[in-house]
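One structure is given below, encoded as structure tokens.
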Amino acid sequence: MELKYVVIIANGGKSQAPAIAKEINDYLALHGIVTQVYITKDCEENIPLSIRTDLVVSVGGDGTVLYCARLVQNLGIPILAVNLGTFGYITEIGCHEWKSVFEDIFGDRERLSRRLMLRVSVIRKGLKVYQATGLNEAVVSSAGISKVVKLDLSINNTFAGTFRSDGLIIATPTGSTGYSLAAGGPIIDSEMSALIITPICPFTLSNRPLVLGSSEMITINVVEGQRTELMLTVDGQQTFDLEEGDDVIVEKSRSRILLVASNVRNYTEIIRAKLNWTGELHA
Ligand SMILES: NC(=O)c1ccc[n+]([C@@H]2O[C@H](COP(=O)([O-])OP(=O)(O)OC[C@H]3O[C@@H](n4cnc5c(N)ncnc54)[C@H](O)[C@@H]3O)[C@@H](O)[C@H]2O)c1
Ligand SMILES: Nc1ncnc2c1ncn2[C@@H]1O[C@H](COP(=O)(O)OP(=O)(O)OP(=O)(O)O)[C@@H](O)[C@H]1O
């Protein structure tokens, strides 16, 4: 990958982020690369990225990568994610490993992981009233806790059933290790082209997670007569208040997110380490 112009986006909520961003900035300047650094205060900030950007460096945790993914969608700009967060599933590159990843980039030895994003729209009385994209998942749920919601699910316009639960998660392969996993969903290979439907605490125990080929169109209808307010949450960062009668439509996005992969550990090693698959009692 040829690097001429790199944008560094550091999560201002992390105390070490400005210093690491400066270190990366100085290192790239020594290599004659033009850079621009943004220290962001929240994930609402809109950074207008130029199409001549060759790479975005995300300095933060998984949440910062989710934010950067929204900024680069449709632009085909790869993300190099340096982990300053806690777990680091999506942020594979540790804060002491980024130099060796740049060396690989300079030597054309980098590997890009291609990740599916989902596109979600809300249709109200025939009109599209909201649209968003996400790298992890879209969640339709009660706006409060401990209230059952009733949702009708259709797959490619075929009615698939009524779900009474705390909500439904539609996750991408990247999101399979996030909220969906905590709700009992499967882990699927991060580069697959699939969507997972995972009910959150289903009232009917026969409701199970479902993995679909991502060419499917998933529709969640907010049926009339709910006992609580409902909301849509995308990647834990974008929210929208739903009304009875709304259709939430989830499809795969046309564009893929390109993540620069770690050169010291692969996906299997990340899962093994993070999920503590040691076979020991404390695992
Ligand atoms: N019960 C849960 O596990 C739960 C509940 C709500 C949201 N989440 C996840 O949090 C994400 C938002 O992340 P954030 O950092 O902005 O919020 P946050 O700061 O609240 O972090 C939530 C945690 O989820 C982890 N996470 C995020 N994406 C992940 C992924 N793809 N695989 C494994 N772990 C992942 C993060 O590392 C962090 O530890 C949501 O997209 C959702 O997947 C998880
Ligand atoms: N660019 C950003 N600037 C500021 N805040 C952000 C940005 N992107 C995400 N956030 C918010 O910052 C919070 C934490 O961010 P982040 O996920 O990067 O760190 P973390 O939670 O410590 O790491 P991890 O998610 O890996 O555990 C999240 O609530 C997220 O919504």
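All ligand and atom numbering here is 1-based and tracks the order in the structure. Treat the numbers as computed from the prediction; the structure is a model and nothing was measured.
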How close does the nearest protein non-hydrogen atom get to [atom], and which residue and atom is it?
{"atom": "atom 1 (N) of ligand 2", "value": "Thr40 OG1, 2.7 Å"}
{"atom": "atom 7 (C) of ligand 2", "value": "Asn11 ND2, 3.7 Å"}
{"atom": "atom 26 (O) of ligand 2", "value": "Asp62 N, 2.8 Å"}
{"atom": "atom 27 (O) of ligand 2", "value": "Thr86 OG1, 2.3 Å"}
{"atom": "atom 30 (C) of ligand 2", "value": "Gln237 NE2, 3.7 Å"}

[atom1] of [X] to [atom2] of [Y]: how many Å apart, nearest 0.5 Å?
{"X": "Thr158", "Y": "Asn156", "atom1": "OG1", "atom2": "CG", "result": "6.5 Å"}
{"X": "Ile220", "Y": "Ile249", "atom1": "CD1", "atom2": "CD1", "result": "10.5 Å"}
{"X": "Ile218", "Y": "Leu210", "atom1": "CD1", "atom2": "CG", "result": "8.0 Å"}
{"X": "Thr162", "Y": "Leu151", "atom1": "OG1", "atom2": "CG", "result": "9.0 Å"}

Should we say atom CD of Glu269 is surrounded by more than 12 heavy atoms from elsewhere, each under 6.0 Å from it?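 Buried by this count: over 12 neighbours within 6.0 Å.
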Could you tell me whether Lys147 atom NZ has more than 12 heavy atoms of other residues or ligands within 6.0 Å of it?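 Count not over threshold, so no.
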State whether [X] and [Y] are salt-bridged, where the test is any N-O pair (Lys NZ or Arg NE/NH1/NH2 against Asp/Glu carboxylate O) under 4.0 Å.
{"X": "Arg111", "Y": "Glu191", "value": "yes"}
{"X": "Glu92", "Y": "Arg115", "value": "yes"}
{"X": "Glu97", "Y": "Arg265", "value": "yes"}

Donor on one side chain, acceptor on other, Ser180 and Thr198, under 3.5 Å: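 Ser180 vs Thr198: donor-acceptor pair found between side chains.
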Short side-chain donor-acceptor distance under 3.5 Å, Asn25 and Thr35: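 Indeed, the side chains of Thr35 and Asn25 share at least one donor-acceptor pair under 3.5 Å.
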Minimum distance, heavy atoms only, to atom 16 (P) of ligand 2: which one of Ser58, Gly236, Gly61 is it?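 Checking each option, the heavy atom nearest atom 16 (P) of ligand 2 is found in Gly61.
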Please report whether ligand 2 has a polar contact with [X], defined as an N or O pair separated by less than 3.5 Å (distance criterion only).
{"X": "Gly63", "result": "yes"}
{"X": "Leu84", "result": "no"}
{"X": "Thr91", "result": "no"}
{"X": "Thr64", "result": "yes"}

Ligand 1 polar-atom proximity to protein (N/O, under 3.5 Å):
from     : atom 1 : to     : atom 2 : distance (Å)
ligand 1 : 15 (O) : Gly63  : N      : 3.2
ligand 1 : 16 (O) : Gln237 : NE2    : 3.2
ligand 1 : 28 (N) : Asn136 : ND2    : 2.9
ligand 1 : 31 (N) : Asn136 : OD1    : 2.9
ligand 1 : 31 (N) : Thr174 : O      : 2.9
ligand 1 : 32 (N) : Thr177 : O      : 3.3
ligand 1 : 32 (N) : Thr177 : OG1    : 2.6
ligand 1 : 32 (N) : Gly178 : N      : 3.4
ligand 1 : 37 (O) : Asp62  : OD2    : 2.7
ligand 1 : 41 (O) : Asn136 : ND2    : 3.0
ligand 1 : 41 (O) : Glu137 : OE1    : 3.3
ligand 1 : 41 (O) : Glu137 : OE2    : 2.5
ligand 1 : 43 (O) : Glu137 : OE1    : 2.5
ligand 1 : 43 (O) : Tyr179 : N      : 3.0

If you group Ile, Leu, Val, Met, Phe, Trp and Tyr by side-chain heavy-atom gaps below 4.5 Å, do Ile77 and Leu258 land in one group?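 In one cluster: no.
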Mark whether atom 3 (N) of ligand 2 lies under 4.0 angstrom from at least one protein heavy atom.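 Under the 4.0 Å cut-off, atom 3 (N) of ligand 2 does have protein heavy-atom neighbours.
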Answer yes or no for atom 21 (O) of ligand 2: protein heavy atom present at a distance under 4.0 Å?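 Neighbour list for atom 21 (O) of ligand 2 is empty of protein heavy atoms (cut-off 4.0 Å).
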In terms of atom number and element, which parts of ligand 2 are under 4.0 angstrom from non-hydrogen atoms of [X]?
{"X": "Lys14", "result": "19 (O), 20 (P), 22 (O)"}
{"X": "Tyr67", "result": "1 (N), 8 (N)"}
{"X": "Gly60", "result": "18 (O)"}

Could you report the tightest heavy-atom contact between Glu103 and Tyr27, atom names first, then the distance?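 Here Glu103 and Tyr27 meet closest at CG-OH, 3.9 Å.
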For Lys41, which part has a heavy atom under 4.0 Å from ligand 2: side chain, backbone, both, or neither?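 Backbone only.
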Contact partition for Asp42 relative to ligand 2, non-hydrogen atoms under 4.0 Å: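 The answer is the backbone.
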Please tabulate, for side-chain N and O atoms in residues 51-58, each donor-acceptor pair with protein atoms closer than 3.5 Å (sequence neighbours left out).
from  : atom 1 : to    : atom 2 : distance (Å)
Thr53 : OG1    : Ser50 : O      : 2.6
Asp54 : OD2    : Lys4  : N      : 2.7
Asp54 : OD2    : Tyr5  : N      : 2.9

